[in-house]
Number of protein chains: 2
Amino acid sequence: MDLVRDAMPSLTTSEKRAAQALVADYPLLGLETVARFADRAGVSAPSILRFIGRIGFASYADFQRRLMAEVEARLLSPLAKADAGSPSTRKRAPRTAFAEAAADNIAETFRRLPNGEFEAVATLLADPRRPVHLIGGRFTDALARYMTAHLRILRPNVSHLEGQRDNWHDQLLDMGNRDVLFLIDIRRYQDDLVAFAAEAARLKVTTIVLTDQWLSPAARSARHVLPARIAVPSAWDSSVALLALIEALVAEVTARRGAESRSRMAAIETIRRQGQPQSR
Amino acid sequence: MDLVRDAMPSLTTSEKRAAQALVADYPLLGLETVARFADRAGVSAPSILRFIGRIGFASYADFQRRLMAEVEARLLSPLAKADAGSPSTRKRAPRTAFAEAAADNIAETFRRLPNGEFEAVATLLADPRRPVHLIGGRFTDALARYMTAHLRILRPNVSHLEGQRDNWHDQLLDMGNRDVLFLIDIRRYQDDLVAFAAEAARLKVTTIVLTDQWLSPAARSARHVLPARIAVPSAWDSSVALLALIEALVAEVTARRGAESRSRMAAIETIRRQGQPQSR
DNA sequence: CCCCTTCTGTAATATCTGATCCGGCACAGC
DNA sequence: GCTGTGCCGGATCAGATATTACAGAAGGGG
């Protein structure tokens with residue numbers, strides 16, 4: 001955009017006409033084909049290409065890539081428009097920005113949940129006859145543990161796959177089409193998890209993949225995919241939305257199993273109290 | 001968008017995969033070429049076209065025109081993010097209520113952070129000369145693990161207290177006034193954690209307690225207390241705000257340690273690559 | 001366990017698109 | 001008025017793209 005504005009003076013007549021047309025309905029005109037762009041600007045296709053070349057792009061495709069990125073940025077943060085205009089909002093503490101992004105991620109994640117997927121996954125997890133196995137990546141495995149801890153209370157046949165890679169594969173041998181695999185894998189996807197998912201698919205295991213918006217390759221092997229937003233202003237990705245989804249699933253499963261899980265919870269509570277006398 | 005979500009149940013497996021990929025990265029993925037769309041969704045190009053056809057478009061070009069129009073509308077009115085009151089404004093799904101509550105919890109948690117506490121805690125965690133020990137409760141220990149995994153990358157001397165209660169106390173023996181204990185304890189507070197915090201306080205260990213808004217009794221033994229909101233419409237409490245705080249802390253520590261942590265991260269990455277040859 | 005239906009990817013095709021070339025045009029300087 | 005320079009657009013080409021046809025794979029029901 002600024003690129004276009006700055007180059008404006010040094011443009012020829014028809015190039016300027018192209019620039020004006022582009023600015024007039026920015027940025028979408030640039031995402032059309034060269035022919036339509038030329039038509040709407042009232043110039044020829046070669047002029048458009050010369051114009052694109054002059055403002056520094058190697059090809060029309062490059063130019064469109066750049067536009068796409070800009071559109072994406074604007075769509076993600078509708079407020080981004082303000083950042084040029086009001087330098088007063090600058091000082092906001094970084095952690096506030098973090099909190100906002102995290103809250104946004106949750107809202108966006110739930111808003112985009114494919115219809116029926118959530119329910120389908122909840123149904124699988126609520127069925128005690130279908131053994132559930134959970135596993136996560138380098139960081140997200142902690143979330144898998146968190147979920148395991150809750151599910152174990154709600155139903156039997158819940159296992160968290162621990163330890164070494166070889167160990168996982170040993171457990172795979174006993175899985176079949178009745179088993180459910182809940183796998184978490186986000187950006188900088190782990191090869192071993194992807195391979196594991198593929199192997200599980202081969203054995204007809206029903207796989208659920210909880211991943212980020214760009215989808216782990218493991219999603220290809222999955223029956224159900226739950227994509228979550230993970231981008232925050234930090235050097236790391238955020239698992240907040242993943243956790244929110246997990247908790248929503250646990251809540252749903254709890255609601256569905258109603259009485260059964262309640263009695264099971266009571267029983268577990270009793271055992272815990274007996275086995276673990278008050279400290280001190 | 002709604003078109004895609006509503007059609008979801010009646011789609012075949014690979015069509016659903018296409019739909020999921022589209023929704024996950026909406027709407028820009030749809031503006032790419034069929035080939036790239038197919039690649040990112042992990043299906044073949046014809047599957048994409050069948051999918052487009054099934055949701056009612058005559059051609060891929062038609063579909064893209066429609067997307068363009070939607071993008072334009074959203075770019076013009078930044079508020080369009082709150083989805084337009086579609087005629088089918090069915091009773092809000094409970095999971096939406098859950099998402100809103102979780103997002104609210106994060107916002108509220110950060111708003112109410114005592115001034116300076118966050119920074120003080122970050123300072124402690126960023127100091128590599130002060131050993132950090134992390135531990136959590138029945139469910140929240142998974143969060144402690146998550147935090148441990150990150151901190152270990154940023155600095156040395158990070159340990160997660162595992163295993164049995166007796167084991168913890170053994171580790172206590174080696175702690176002193178230079179050590180930092182990061183303890184997570186929320187509602188239905190655990191006696192053993194409270195006792196552990198008290199013991200640590202007696203040994204002059206600098207204790208940080210991450211807890212809920214009603215404060216664990218362990219907070220009495222703490223130098224720093226970080227309270228988070230945990231109430232959601234569910235039978236369980238939510239750890240989402242806890243995780244958000246943890247991630248914000250990790251981000252802050254990362255920022256403070258800057259270059260040092262970067263080189264450390266690089267070193268760790270190298271070791272990982274050597275010790276873990278590509279799978280297959 | 002096998003057959004039938006449905007689905008899905010490979011391969012071929014026809015169309016479209018971006019990019020280039022070159023002839024013509026306008027304008028400025030002489 | 002003439003010439004030379006820079007600009008523009010129609011025609012053209014190679015490559016990419018959407019689309020279709022088909023055959024093999026998968027899944028479900030008897």
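As a basis for the values below, the full set of heavy atoms in this structure was taken, side chains included, without hydrogen atoms, waters or symmetry mates. Naming convention: chains lettered A, B, ... in sequence-line order (proteins, then strands); numbering from 1 in each chain.
- Rounded to whole Å, atom C1' of D:dC8 lies 12 Å from atom CD1 of A:Ile48.
- Using a 4.0 Å heavy-atom criterion, one finds that A:Ala38 contacts no nucleic acid atom at all.
- In this structure, the nucleotide among C:dA19, D:dG10, D:dT19 sitting nearest to the side chain of B:Tyr60 is D:dT19.
- Counting only heavy atoms from C-beta on, B:Val43 has its side chain closest to C:dG9 among C:dG9, D:dT19, D:dT17.
- A salt bridge links B:Asp62 with B:Arg65: at least one charged nitrogen is closer than 4.0 Å to a carboxylate oxygen.
- Between A:Phe51 atom CZ and D:dC7 atom P the separation is 16 Å, expressed in whole Å.
- In this structure, B:Ser44 does not reach the C:dT8 phosphate: none of its side-chain N or O atoms is under 4.0 Å from OP1 or OP2.
- Atom CD in B:Glu15 sits about 9 Å away from atom C1' in C:dC7, given to the nearest Å.
- The neighbour count for B:Arg145 CZ, taken as heavy atoms of other residues, nucleotides or ligands under 6.0 Å away, is above 12.
- The interatomic distance linking B:Arg50 (CZ) with C:dT8 (P) rounds to 7 Å, in whole Å.
- Closest to the side chain of B:Ser59, out of C:dT8, D:dC8, D:dT19, is D:dT19.
- Remark: the backbone N or O of A:Leu172 is not paired with any side-chain donor or acceptor of A:Glu199 at under 3.5 angstrom.
- Relative to the side chain of A:Pro46, the nucleotides C:dG9, C:dC21, D:dG27 differ in distance, and C:dC21 lies closest.
- Of the side-chain N and O atoms in A:Ser47, one or more sit less than 4.0 angstrom from OP1 or OP2 of D:dG9.
- Here the nucleotide nearest the side chain of B:Thr12, chosen from D:dC8, C:dG9, C:dT8, is C:dT8.
- Considering only side-chain N and O atoms, A:Lys204 lies under 4.0 angstrom from the phosphate OP1 or OP2 of D:dG27.
- Relative to the side chain of A:Leu49, the nucleotides C:dG18, C:dA11, C:dC7 differ in distance, and C:dG18 lies closest.
- A donor-acceptor pair under 3.5 Å links the side-chain atoms of A:Gln64 to the main chain of A:Leu31, judged by distance alone.
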